[in-house]
*Asks:* 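First the structure, then my questions, so here it is.
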Amino acid sequence: MAAGFAEFKKSIFFQLSWRLETFTSAIPIPTFVYFIMVTGAFEGEARLWAVVVAGLVAGGGTVVWGLTFRWFAIKKLLADLAALNAQASPGTAERIELRNRLLDYPYREGRVIIARWSVGVVLGAVIYIAQMREVPIYALGVEAYSLIFVLPISYVMYIFMPEMVLRPLLQQQIFAGLPPADGSVRERSYFTRIILAIAAVTVTPIAIFGFILYTTVTGKNSFQHPEVHIVLLAFEALAAIVIVSYRIAKTIKYSINDTNEVLQQLGKGNFGVNSARATTDEFGRQAELIAVVARDLSKMYHEVNELNETLEQKVITRTEELNKTLEEVRRLKLHQDGDYFLTSLLLKPLNTNYVKSDRLTVEFLQRQKKKFDFKGKPHDLGGDLCSAHTIRIRDREYTAFMNADAMGKSMQGAGGALVLGAVFYSIIERTRSVAAVQRLSPERWLKNTFLELHKVFESFDGSMLISLVLGIIDNNTGLLYYINAEHPWSILYRDGSATFIEQELYVRKLGMTAASGTIYIRILELKPGDMLICGSDGRDDILLPSPDGKTRMNESEDLILDTVKNAKGDLERIYETTQSLGEITDDFSLLKIKYYGDTMPEAEKLAKRSASGRHYKAKNYAKAIAEGEAYLGNKPSDTEFMRFLSRCHRLAGNYEIAIDLCERLRLRLPDDTRNLINLAGLHLVRGDTERARSLIAEIRQLDPAAPALKKLEDVYRRKQKAAA
């Protein structure tokens, strides 16, 4: 029996009940009874005995109510806790739900004590009325007023006391590692708790003294021995203050001790210490945060330990992996450099100057951006291409040249340059071996070459584009025929001055659909000592230094003109000067053609032109043509004379030659309606009405008011009717 009672004394129910009920019996009930007695609410022996009976019955009932509620509530919580502890791995949701119920239990006790007092006072009044057959209005008012100072202090103690008793339950290992409660539990800060506690202990003497003072002034009551009441009330107030303050201080002490203990364990390296939430105040929140820190530290500690234990082996393993990776990278780089080297070998014969002439010289300078070593020797690779060849067209010697820039870096650009160089080389070889190609005019040869190159790159569907300057130079006369397909402007260095020979874009890059439209063949007559310099965009793509220490990309196209001028056309000096300006960010290539001059004096050329004109006026077209051909052969840049010579051949009945001259003129001046009218008329004379029809449509689009257009259309319609 003694052992059973000793075990019962250790139970949560007993520990909680004797504290709560003792406090209620020591502070709120005596204060309540004293107040009723001293205010004279009940007079006479009979009324006093009725009050005693009512108080014992109602008070005893509320005590039984409180004990019964506590017994079943604690029993339910302990049973659920035992069930969770019995499980091998209880669920997180179940543990959170039980933790929240334990945290909420003190507030349930607080609500119950308020209900107990409220119901007890009402029940006591009913029992008194039943005994005395009277309704004591004044006494009932005093009782209701008494609740003002007994309810707050009861509520405060019924929250603090269960929190202290239930703390060990909430600190069990089963609640360790739970996520923070956040808004799932009722939280009350210590600021609120202390304000509530201060209000609870101060409202008692204030309310009592205030009421007694009021009743004394109004004559409701008088004190025979005031010093006795002062001592009693002071004792009650002091006892309440001491008990409540002690309970608050002890709660804070427990919370601080728990926090210190956890921190000490963490400092010793015990990261598995339990820091579960035991209260609904800031200390409870702090315990949750410390638990999060402890988990993170534990994870880091184990990772560091594992790393330290296996560091040496990991270093060895990682070193082996890195060595294997490095060897693989070396092997791949060797293969890659081999591919680069093979590509550079393939490009070398295509990237060569094959021109030998006493009338002009051709020079290349190439500095590709991609540098690599193969078998101990340095090489470079890129998408720039320079090519120059000597060809014969119509029994005259020409220099065909090309400076190109293939889209992309390294292998991609080199691949484009390789395709371009191979196709261009095949065209050169075909020109040398096929007589029909050699009979083409320079303009027609250049156009056909450009279109053939374009068709090859058009098949790549835009994945490989080429910008280039493509041209041929008459070695005897120095006349330049060229096409600039979206390449940087070509430069003419003449008499110590450098200028661009282009001002606007007419032809798009190779591989673009727009490149197959109207082809403009531009011409430029080089004078003795002139230098033509073509270059890729590496000459302009320079990172220039700024005063603020940063770099900026060059945006001036004219910078290269100053460089060429200062270098006097010397390619090496142009490159060195460009390099001194800043960092070159792209492949860099330059092609220079220097023309030395022809052998026929200018006066002799003009004499032949004049002679042709005189024979034309005399209607001696054969001699006019002979003198004109001799002149045009030495002065092919005279586009206006080409028109005149075409007319001479037409009048002489040489329609094929006249058409050829008109077609050459059309490539130089595609919008010249006079030439188009002449060409359409020639085709009508020869009976080629389909070609004449397309030319008439072109004239109509260029100049609907052309004087000869109506006449051409009439002749065309007559030809159509005759053919029908």
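Because the structure is predicted, anything quoted here is derived from the model rather than measured.
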*Asks:* For residues 542-550, please give each side-chain donor-acceptor pair under 3.5 Å, one per line with the distance, not counting sequence neighbours.
*Replies:*
| residue | atom | partner | partner atom | Å |
| --- | --- | --- | --- | --- |
| Ser546 | OG | Lys550 | O | 3.4 |
| Asp548 | OD1 | Lys550 | N | 3.1 |

*Asks:* Apply side chain to side chain contact (heavy atoms under 4.5 Å, CB included) to the pair Ile533 and Ile574, showing each step before the final yes or no.
*Replies:* CA-CA 11 Å; Ile533 300 175; Ile574 291 173; 4.2 Å; yes

*Asks:* Quick one: are Thr449 and Leu453 in side-chain contact, heavy atoms under 4.5 Å?
*Replies:* yes

*Asks:* Would you say Tyr616 and Leu651 make side-chain contact, with heavy atoms under 4.5 Å?
*Replies:* yes

*Asks:* Establish, from distance only, whether the side-chain atoms of Ser589 and Asn403 form a donor-acceptor pair under 3.5 Å.
*Replies:* yes

*Asks:* Would you give the length of the straight line joining atom NZ of Lys447 to atom CD of Glu443, rounded to the nearest 0.5 angstrom?
*Replies:* 11.5 Å

*Asks:* Between Ser646 and Leu661 (side chain of the first, backbone of the second, donor and acceptor by atom type, cut-off under 3.5 Å), is there such a pair?
*Replies:* no

*Asks:* Distance only, no hydrogens: is a donor on one side chain within 3.5 Å (strictly under) of an acceptor on the other, for Asn475 and Thr399?
*Replies:* yes

*Asks:* Is there a side-chain contact between Trp489 and Ile560, using heavy atoms and a 4.5 Å cut-off?
*Replies:* no

*Asks:* Which of parallel (below 30°), tilted (30 to 60°) and perpendicular (above 60°) describes His454 and Phe450?
*Replies:* parallel

*Asks:* Measuring from atom CG of Asp672 to atom OG1 of Thr639, what distance do you get when rounded to the nearest 0.5 angstrom?
*Replies:* 9.5 Å

*Asks:* Quick one: closest heavy-atom pair of Thr431 and Arg392, and the distance?
*Replies:* CG2-O, 4.2 Å

*Asks:* Whether the side chain of Lys592 engages the backbone of Met531 through a donor-acceptor N/O pair (distance < 3.5 Å, no angle test) should be reported.
*Replies:* no

*Asks:* If we only count heavy atoms from C-beta on, is the Tyr493 to Lys594 side-chain gap below 4.5 Å?
*Replies:* no

*Asks:* If we count only N and O atoms by modelled type, under 3.5 Å, do the side chains of His487 and Glu502 hold a donor and an acceptor together?
*Replies:* no

*Asks:* How would you list all residue pairs meeting side-chain hydrogen bond (donor to acceptor under 3.5 Å, both in side chains) that involve residues 519-535, not counting sequence neighbours?
*Replies:* Arg494-Asp530, Glu525-Lys635, Glu525-Ser637

*Asks:* Would you compute the distance between atom CE of Met402 and atom SG of Cys534 and round it to the nearest 0.5 angstrom?
*Replies:* 11.5 Å

*Asks:* Look up atom OG1 in Thr563 and atom CD in Glu576, then write down how far apart they are to the nearest 0.5 Å.
*Replies:* 12.0 Å

*Asks:* Less than 4.5 Å apart, any side-chain heavy atom of Ile473 and any of Tyr482?
*Replies:* no

*Asks:* Kindly state each residue pair satisfying salt bridge (charged side-chain N to carboxylate O under 4.0 Å, His left out) with at least one member in residues 677-706, sequence neighbours excluded.
*Replies:* Glu656-Arg686, Glu663-Arg691, Arg666-Glu698, Glu690-Arg693, Arg700-Glu713

*Asks:* Looking only at non-hydrogen atoms, find the nearest pair between Cys662 and Asn675 and report the distance.
*Replies:* O-ND2, 3.0 Å

*Asks:* How many angstroms lie between CG in Leu420 and CG in Leu350, if you round to the nearest 0.5 Å?
*Replies:* 9.0 Å

*Asks:* Is any side-chain heavy atom of Thr551 closer than 4.5 Å to one of Glu583?
*Replies:* no

*Asks:* Between Leu679 and Ile659, does a side chain to side chain contact (heavy atoms under 4.5 Å, CB included) hold up when you go through it step by step?
*Replies:* CA-CA 6 Å; Leu679 184 58; Ile659 288 174; 3.9 Å; yes

*Asks:* Side chains of Tyr716 and Gln720: closer than 4.5 Å at any heavy-atom pair?
*Replies:* yes

*Asks:* Using side chain to side chain contact (heavy atoms under 4.5 Å, CB included) as the criterion, point out the one residue from Asn351, Ile466, Leu468, Leu418 that pairs with Leu385.
*Replies:* Asn351

*Asks:* Closest heavy-atom contact between Leu676 and Pro670?
*Replies:* CD1-O, 3.9 Å

*Asks:* Within the 3.5 Å criterion, strictly below it, is a donor on Ser536 or Asp587 matched to an acceptor on the partner's side chain?
*Replies:* no

*Asks:* Could you check whether Lys455 pairs with Glu452 (Lys NZ or Arg NE/NH1/NH2 to Asp/Glu carboxylate O, under 4.0 Å)?
*Replies:* no

*Asks:* Test side chain to side chain contact (heavy atoms under 4.5 Å, CB included) on Leu360 and Val355 and set out the steps.
*Replies:* CA-CA 9 Å; Leu360 56 80; Val355 175; 3.9 Å; yes

*Asks:* Considering non-hydrogen atoms only, spot the tightest contact between Glu557 and Phe500 and give its length.
*Replies:* O-CZ, 3.3 Å

*Asks:* Strictly by modelled atom types, are Asn678 and Arg650 linked by a side-chain donor-acceptor pair under 3.5 Å?
*Replies:* yes

*Asks:* Quick check: closest heavy atoms across Pro488 and Val469, and the distance to 0.1 Å?
*Replies:* O-CG2, 4.4 Å

*Asks:* Between the side chain of Arg432 and the main-chain N/O of Thr390, is any donor-acceptor distance below 3.5 Å?
*Replies:* yes

*Asks:* For the side chain of Gln368 and the backbone of Asp384, is there at least one donor-acceptor N/O pair under 3.5 Å apart?
*Replies:* yes

*Asks:* Going from CG on Asp562 to OG on Ser556, what distance comes out if it is rounded to the nearest 0.5 angstrom?
*Replies:* 7.5 Å

*Asks:* What I want to check is whether the side chains of Tyr575 and Gln579 have a donor and an acceptor closer together than 3.5 Å.
*Replies:* yes

*Asks:* Has Thr577 got a side-chain atom pairing as donor or acceptor with Arg573's backbone, closer than 3.5 angstrom?
*Replies:* yes

*Asks:* Looking only at heavy atoms, which two atoms of Tyr621 and Cys648 are closest? And how far apart?
*Replies:* CB-O, 4.3 Å

*Asks:* Would you find a donor on one side and an acceptor on the other, under 3.5 Å apart, between the side chain of Asn353 and the backbone of Val362?
*Replies:* yes

*Asks:* Any donor-acceptor pair under 3.5 Å linking the side chain of Arg539 with the backbone of Thr578?
*Replies:* no

*Asks:* Evaluate side chain to side chain contact (heavy atoms under 4.5 Å, CB included) for Ile521 paired with Ile483, printing each intermediate quantity in order.
*Replies:* CA-CA 6 Å; Ile521 304 298; Ile483 296 174; 3.5 Å; yes

*Asks:* Test Leu470 against every option in Asn484, Leu446, Val507 by the side chain to side chain contact (heavy atoms under 4.5 Å, CB included) rule and name the one that passes.
*Replies:* Leu446

*Asks:* Please determine if Arg609 and Asp638 form a salt bridge, counting it only when a charged side-chain N lies under 4.0 Å from a carboxylate O.
*Replies:* yes

*Asks:* State, with a plain yes or no, whether a side-chain heavy atom of Leu480 is found less than 4.5 Å away from one of Tyr595.
*Replies:* no

*Asks:* Checking ring-ring contact (aromatic ring centres under 6.0 Å, His included) between His389 and each of Phe401, Tyr425, Tyr398, which is the one that passes?
*Replies:* Tyr425

